[in-house]
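I have placed the structure first, in the form of structure tokens, so that the comments after it can refer back to it.
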Amino acid sequence: MILQKLNLLNFRNYEKASISFGPNLNIIIGKNAQGKTNILEAIEILALTKSHRSGVDPNLIRIGKEKAILRGRVKENRILNDLEIEIITGNKKIQVNQNNISRVADYISYLNIIMFTPDDLELIKNSPSIRRNFLNIELSQLSKTYLNTYNEYNKILKTRNEYLKLLFTNSIADKKYFDILTEKLIEKAIIIYKKRKEFIDCLNQKIDQIFFDISKQKSLKILYEPNLEFETMEEDHIREVMRESFQKNYEKELNNKMTLYGPHRDDFSFYLNDINLKYFGSQGQQRLAIICMKLAEIPIFEEVCKTKPLLLLDDIFSELDLEKRKKLLKYINKDLQSVITTTDLKNIQKKFLENANIYYVEEGKITRK
Ligand SMILES: Nc1ncnc2c1ncn2[C@@H]1O[C@H](COP(=O)(O)OP(=O)(O)OP(=O)(O)O)[C@@H](O)[C@H]1O
Ligand SMILES: [Mg+2]
């Protein structure tokens, strides 16, 4: 798919702006705090209905204004779709071709993105919830079943936790219903576990080679780490392990008043030659590992969605040496639409600039070179 056009109205530091993107490399240049990341964030919201930077919508609206409007025209297999998201404080209106859409699951496949931002360093450095969030966003784009299952899982989880509190304080509460909830939770968990494992397996088929091509270092691996030990990802086996853990740890869950096992406690780690990058990786290594993971996602998206995703790369060149920057650009400059930001054109070799659309951003004004 190709994002042909983006229009912004009262979004962040943009009062009114419009960009036509090319089908390959698009470069946004500007000094700090001019609005480069804001453009990528706008595309991110058009794709996912929310942004990684701000779950809080009021921040997205230009200061002093009441609402922001984002519009994008996406071309996919000769079909044009006009996407629109209106952000009003505490509310969001989503439209496709002027028709209102109420469920995110019905919207999320209109624009597929793979995005890298400097904040993604948190994917290695920070807590597991950030990694789970990453899995959720990517898998929601890849599978409507995943998104729906994940939402259902969360609902059951919430009820099960409330029930644990009830059982803790009131021993005559209905244990039978609790057992039904546990079974329901397990069935949803099985689907989530399998999809996550499959996704990480697919990433592992590609990430090592990409990391080697760019850094000449072997062998990068992602290790999926559920908080239960599964020998296989066979449905029956997952069911059995989960049932057993819930039975064995009933008292423990009761005392904690919460569900202690399941995909809501998942994690994953990056290993370079069996060394955990979280503890032993340099900042540059960590950054590159994450960029490579995002690049490894491209063929997965292509295969599953039968269309190429849009690649958004915010400030990818910082902390990478010249050699790696060159190799990375070669990787990006394939038959794929990408939007990248940089503060300095010197980061990009001439031969790449020739085929790129270049835009300058200054104080929320965009000009095409
Ligand atoms: N709601 C808002 N209303 C008006 N201006 C805003 C709003 N939110 C953010 N800004 C402004 O947007 C600018 C930041 O834009 P952005 O993050 O896109 O910068 P950038 O070009 O990516 O900079 P850097 O190179 O430092 O990453 C800041 O000047 C900030 O004050
Ligand atoms: Mg920025």
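When a ligand or atom number is given, it counts from 1 through the structure's own listing order.
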Minimum-distance protein heavy atom relative to [atom]:
{"atom": "atom 29 (O) of ligand 1", "value": "Ala33 O, 3.3 Å"}
{"atom": "atom 26 (O) of ligand 1", "value": "Asn32 ND2, 3.2 Å"}
{"atom": "atom 17 (O) of ligand 1", "value": "Arg53 NH1, 3.2 Å"}
{"atom": "atom 25 (O) of ligand 1", "value": "Lys36 NZ, 2.7 Å"}
{"atom": "atom 11 (C) of ligand 1", "value": "Asn13 CB, 3.8 Å"}
{"atom": "atom 16 (P) of ligand 1", "value": "Asn38 OD1, 3.6 Å"}
{"atom": "atom 3 (N) of ligand 1", "value": "Ile63 N, 3.0 Å"}

Original post:
Which class fits the ring pair Tyr193 and Phe230: parallel under 30°, tilted 30 to 60°, perpendicular over 60°?
Top reply: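 Correct class here is perpendicular.
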
Original post:
Parallel under 30°, tilted from 30 to 60°, perpendicular over 60°: which one fits the rings of Tyr110 and Tyr107?
Top reply: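 Because their plane-to-plane angle lies in the 30° to 60° range, the rings of Tyr110 and Tyr107 count as tilted.
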
**OP:** Check whether any protein heavy atom sits under 4.0 Å from atom 7 (C) of ligand 1.
**Re:**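 It does; a protein heavy atom is within 4.0 Å.
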
Please say whether [X] places an N or O atom under 3.5 Å from an N or O atom belonging to ligand 1.
{"X": "Leu60", "answer": "no"}
{"X": "Arg12", "answer": "yes"}
{"X": "Gly35", "answer": "yes"}

Ion pair [X]/[Y], N-O distance below 4.0 Å:
{"X": "Arg325", "Y": "Asp321", "value": "no"}
{"X": "Glu235", "Y": "Arg239", "value": "yes"}
{"X": "Asp314", "Y": "Lys36", "value": "no"}

**OP:** Compute the centroid of each ring, for Phe168 and then for Tyr163, and state whether the two points are separated by less than 6.0 Å.
**Re:**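 Judged by ring-centre distance (under 6.0 Å), Phe168 and Tyr163 do not meet the cut-off.
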
Numbering as shown, the atoms of ligand 1 that approach [X] to under 4.0 Å (heavy-atom distance):
{"X": "Thr37", "result": "17 (O), 18 (O), 20 (P), 22 (O), 27 (O)"}
{"X": "Lys31", "result": "21 (O)"}
{"X": "Gln34", "result": "19 (O), 20 (P), 21 (O)"}

Subject >> Residues in side chain to side chain donor-acceptor pair (under 3.5 Å) contact with Glu183, at least two apart in sequence or another chain >> reply: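 If we apply the side chain to side chain donor-acceptor pair (under 3.5 Å) test to Glu183, skipping adjacent residues, the hits are Arg243.
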
**OP:** With heavy atoms only and a cut-off of under 4.0 Å, state how Asn59 meets ligand 1: side chain, backbone, both or neither.
**Re:**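 Answer for Asn59: backbone.
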
Subject >> Part of Val361 with heavy atoms under 4.0 Å of ligand 1, whether side chain, backbone, both or neither >> reply: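 Neither part.
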
**OP:** Flag this pair as yes if the NZ/CZ of Lys350 is under 6.0 angstrom from the six-membered ring centre of Phe352 and inside a 45 degree cone about the axis; otherwise no.
**Re:**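 No, cation not above the ring by the 6.0 Å, 45° rule.
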
Any side-chain heavy atom of [X] within less than 4.5 Å of one from [Y]?
{"X": "Gln285", "Y": "Leu277", "value": "yes"}
{"X": "Glu253", "Y": "Arg160", "value": "yes"}
{"X": "Phe246", "Y": "Val241", "value": "no"}

Working to the nearest 0.5 angstrom, can you tell me the gap between [X] [atom1] and [Y] [atom2]?
{"X": "Lys165", "Y": "Leu167", "atom1": "NZ", "atom2": "CG", "result": "12.0 Å"}
{"X": "Leu70", "Y": "Leu60", "atom1": "CG", "atom2": "CG", "result": "8.0 Å"}
{"X": "Lys294", "Y": "Met115", "atom1": "NZ", "atom2": "CE", "result": "8.5 Å"}

**OP:** Report yes or no: does a heavy atom of Asp315 sit under 4.0 Å from some atom of ligand 1?
**Re:**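 Asp315: no contact with ligand 1 (<4.0 Å).
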
Subject >> Listed protein N/O/S atoms, distance to the Mg ion (ligand 2) under 2.8 Å >> reply: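 Result, waters dropped: Thr37 OG1.
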
